[in-house]
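Beneath this line is the structure, given in structure tokens, with notes to follow.
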Amino acid sequence: MSRLRRAEAIGRLKRQLYAEQDRKEGLWQDNAGISALVVHALLVSGESPQHPLLARAIAKLVKLKPARTY
């Protein structure tokens with residue numbers, strides 16, 4: 001896959017992830033575990049932690065107290 005096609009695919013996936021984010025709560029599927037995985041994926045993809053939607057999710061995750069681990 002060419003770099004351009006890979007960059008386009010990553011861009012589409014990032015847009016899809018943001019589209020599925022609960023804008024009121026800042027999380028995905030109102031679930032801390034899934035949200036942590038999505039945040040990690042976005043950061044690894046090169047997204048800035050200062051991106052407004054991502055920063056909101058990070059702030060929300062930092063405040064949560066885990067009820068259990070996987």
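When reading the values below, keep in mind they use all heavy atoms of this one structure, side chains included, and skip hydrogens, waters and symmetry mates.
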I need the Asp30 CG to Lys24 NZ distance, nearest 0.5 Å.
10.5 Å

Restricting to non-hydrogen atoms, name the atom on [X] and the atom on [Y] that form the minimum distance, rounded to 0.1 Å.
{"X": "Arg56", "Y": "Arg23", "value": "NH1-O, 2.6 Å"}
{"X": "Gly26", "Y": "Ala57", "value": "O-CB, 3.2 Å"}
{"X": "Leu54", "Y": "Pro49", "value": "CD2-CA, 4.2 Å"}

Are [Y] and [X] connected into the same hydrophobic cluster when the rule is that any two of I, L, V, M, F, W, Y join if their side-chain heavy atoms are below 4.5 Å apart?
{"X": "Tyr18", "Y": "Leu43", "value": "yes"}
{"X": "Trp28", "Y": "Val62", "value": "yes"}
{"X": "Leu64", "Y": "Val38", "value": "yes"}

Quick one, Leu27 with Ile34, criterion side-chain contact (heavy atoms from CB on, under 4.5 Å). Give me CA distance, side-chain angles, the key distance, then yes/no.
CA-CA 8 Å; Leu27 300 177; Ile34 290 172; over 6 Å; no

Please confirm whether the backbone N or O of Ala32 pairs with a side-chain atom of Ser35, one donor and one acceptor, at under 3.5 Å?
no

So, Gln21 side chain and Leu53 main chain: donor-acceptor pair closer than 3.5 Å or not?
yes

Applying the side-chain contact (heavy atoms from CB on, under 4.5 Å) test to Leu42, which of Ile58, Leu13, Leu17, Leu37 qualifies?
Leu17

Would you say the side-chain atoms of Ser45 and Glu47 include a donor-acceptor pair closer than 3.5 Å?
no

